[in-house]
Amino acid sequence: MSGDRAFTVLTHRRPEETSAAIDELAQAAERTGIELRFDEDETHKHSLTPREGFVLDAPMSDDVELCVVLGGDGTILRGLRRYARTEVPVFAVNFGRVGFLATLDPEQLAEGFRLACSREFEVMRLPAIECDGPGGSGLAINDVALHRKAGERVAELAYVLDGEEVGSVRCDGLVVATPAGSTGYNLANGGPVLAWGVEGFVVSFIAPHTLTARSLVAAPGSEIVVENRGLEPVEISLDGRPAGEIAPGEGVPARFLEAAAGLAQLPGTSFYRRLREKFGRLSR
């Protein structure tokens, strides 16, 4: 990394919601001599013009100290995937609905950005799932999902762990989730929540056409292969992003990847407090 301090800035698709936060971040960065780097998309989205401390139309680079994300979990996941396998942590402000991965909420901006600029935060290393899909190797911080195509017949999916078939079920799909992703699609399927720090991944079915299908938590060293045993192609997505189709008779291998990406947390933050606060809001 160069001697100059620099942050990458990523935002979600509604710039009117994050423009004031960018100004707040710029003030904190200016006081501490940090330059803010905006790629071409961010520069155009916010109609940014040259100013002291801004680097516009900047290619995404690993040569930064921090990635500041202003958005919901989808944008946070984009930042985590981009800086996976690097030492650059993601410091996220929730401008989405749930923001389970967010470091802080918008009402904490001034103090939060002061902490970010002074590096007064902790970094939790999150695992990922590395998947050999039809488009090549891909990375998911939350989950890999295989699901039947809209309007097509029910899928038949089997999964094999370390060479042993564990289950084969007629269903709408199957999800392989990390602990961070276990509170998403997996939880909606009735799968278990895995606390951050648990080593391993969970497999759960989407709308299984049987009363006996059960979720399974697999060991971190196990390789899983999901096979399409049906008559129609099934779609695959990584963290909700389409990643192609799996033809009948084909399989997709995936592996648990430890400590793949860094997520900034304020001191004193815990998974259980985050779980209570974020999901408690949805019940009110």
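Note that the numbering runs from 1 along the sequence shown for the chain.
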Please identify each residue that fulfils salt bridge (Lys or Arg N to Asp or Glu O under 4.0 Å) with Arg214, with sequence neighbours left out. none

Do any pairs count as a salt bridge (charged side-chain N to carboxylate O under 4.0 Å, His left out) and have a residue in residues 10-22, sequence neighbours left out, and if so which ones? Arg14-Glu17

side-chain hydrogen bond (donor to acceptor under 3.5 Å, both in side chains) pairs touching residues 175-204, sequence neighbours excluded, are Asn186-Ser204, Asn189-Ser204

Work out which heavy atom in Ser237 is nearest to a heavy atom in His147; give both atom names and the distance. OG-NE2, 3.6 Å

Which label fits Phe54 and Phe38: parallel for a plane angle under 30°, tilted from 30 to 60°, or perpendicular past 60°? tilted

Taking C-beta and beyond as the side chain, do Ile206 and Cys171 meet within less than 4.5 Å on heavy atoms? no

Show the numbers, then the answer: is there a side-chain contact (heavy atoms from CB on, under 4.5 Å) between Met60 and Tyr83? CA-CA 10 Å; Met60 294 282 282; Tyr83 285 104; 4.2 Å; yes

Is Arg255 salt-bridged to Glu130, cutoff N-O under 4.0 Å? yes

Neighbour count above 12 (heavy atom, 6.0 Å) for His44 NE2: no

Output the distance between atom CG (Asn142) and atom CG (Leu238), rounded to the nearest 0.5 Å. 11.5 Å

Do Val225 and Val203 sit in the same hydrophobic cluster, where Ile, Leu, Val, Met, Phe, Trp and Tyr count as joined when their side-chain heavy atoms come under 4.5 Å apart? no

Rounded to the nearest 0.5 Å, how far does CG of Leu139 lie from CG of Leu77? 10.5 Å

Answer yes or no: is there a side-chain heavy-atom contact under 4.5 Å between Glu42 and Leu10? yes

Note, Cys131 side chain near Val176 side chain (heavy atom, < 4.5 Å): no

Main-chain N/O of Ala254 paired to Asp132 side chain as donor or acceptor, under 3.5 Å: no

On a heavy-atom basis, the closest approach of Phe256 and Gly200 is CE1-O, 3.1 Å

Please check if Val144 and Val175 belong to a single hydrophobic cluster, counting links between Ile, Leu, Val, Met, Phe, Trp and Tyr side chain heavy atoms closer than 4.5 Å. no

Is the closest side-chain heavy-atom distance between Val93 and Phe113 below 4.5 Å? yes

Is the closest side-chain heavy-atom distance between Phe7 and Leu36 below 4.5 Å? yes

If only atom types and distance count, is the side chain of Ser222 paired as donor or acceptor with the main-chain N or O of Leu161 below 3.5 Å? no

When rounded to the nearest 0.5 angstrom, what distance separates CG in Leu174 from CG in Asn228? 11.5 Å

According to salt bridge (Lys or Arg N to Asp or Glu O under 4.0 Å), who are the partners of Arg114, at least two apart in sequence or on a separate chain? Glu111, Glu120

Quick check for you: to the nearest 0.5 Å, what is the distance between Thr103 atom OG1 and Leu263 atom CG? 5.0 Å

Between Gly251 and Pro253, what is the shortest heavy-atom contact and its length? O-CD, 3.8 Å

Give the cluster check for Val68 versus Leu48: same hydrophobic cluster or not, with ILVMFWY residues linked at side-chain heavy-atom distances below 4.5 Å. yes

Without swapping roles, check the side chain of Arg5 against the backbone of Cys117 for a donor-acceptor pair under 3.5 Å. yes

Check: Phe100 main-chain N/O paired with Asp73 side-chain donor or acceptor under 3.5 Å: yes

Check Glu245 against Ile236 and note the closest heavy-atom contact, atom names and distance. N-CG2, 4.4 Å

Gap between atom CG of Leu101 and atom CG of Leu126 - 0.5 Å precision: 7.0 Å

List the atom of Pro134, the atom of Gly244, and the distance in Å for their closest heavy-atom pair. CG-CA, 3.9 Å

One pair to check against side-chain contact (heavy atoms from CB on, under 4.5 Å): Thr269 and Glu122. What are the steps and the verdict? CA-CA 9 Å; Thr269 300; Glu122 301 163 351; 5.8 Å; no

State, yes or no, whether a side-chain contact exists between Pro127 and Phe201 at a heavy-atom distance under 4.5 Å. no

Closest approach of Val198 to Pro179 (non-hydrogen atoms, all atoms of both residues): O-CG, 3.3 Å

Determine, step by step, whether Val193 and Leu187 satisfy the side-chain contact (heavy atoms from CB on, under 4.5 Å) criterion, reporting the C-alpha distance in whole Å, the side-chain angles of both residues, the deciding distance to 0.1 Å, and the verdict. CA-CA 7 Å; Val193 173; Leu187 182 60; 3.6 Å; yes

Nearest-0.5 Å distance, NZ of residue Lys45 to OG of residue Ser19: 12.0 Å

Which pairs with one or both residues in residues 165-174 pass side-chain hydrogen bond (donor to acceptor under 3.5 Å, both in side chains), sequence neighbours excluded? Arg148-Asp172, Glu165-Arg229

Are there over 12 heavy-atom neighbours, none belonging to Glu250, within less than 6.0 Å of that residue's CD? yes

Report whether Val252 and Val202 are members of the same hydrophobic cluster (ILVMFWY, side-chain heavy atoms less than 4.5 Å apart, transitive linking). no

Start with the C-alpha distance between Leu216 and Tyr159, add both sets of side-chain angles, then the distance that settles side-chain contact (heavy atoms from CB on, under 4.5 Å), and finish with yes or no. CA-CA 11 Å; Leu216 175 71; Tyr159 68 97; 3.7 Å; yes

Do the side chains of Pro59 and Arg37 get nearer than 4.5 Å, heavy atoms only? yes

Consider only side-chain heavy atoms of I, L, V, M, F, W and Y, link residues closer than 4.5 Å, and tell whether Met124 and Ile76 are in one cluster. yes

Do Val160 and Glu227 have side-chain heavy atoms sitting under 4.5 Å apart? yes

For residues 25-34, which residue pairs pass the side-chain hydrogen bond (donor to acceptor under 3.5 Å, both in side chains) check, not counting sequence neighbours? none

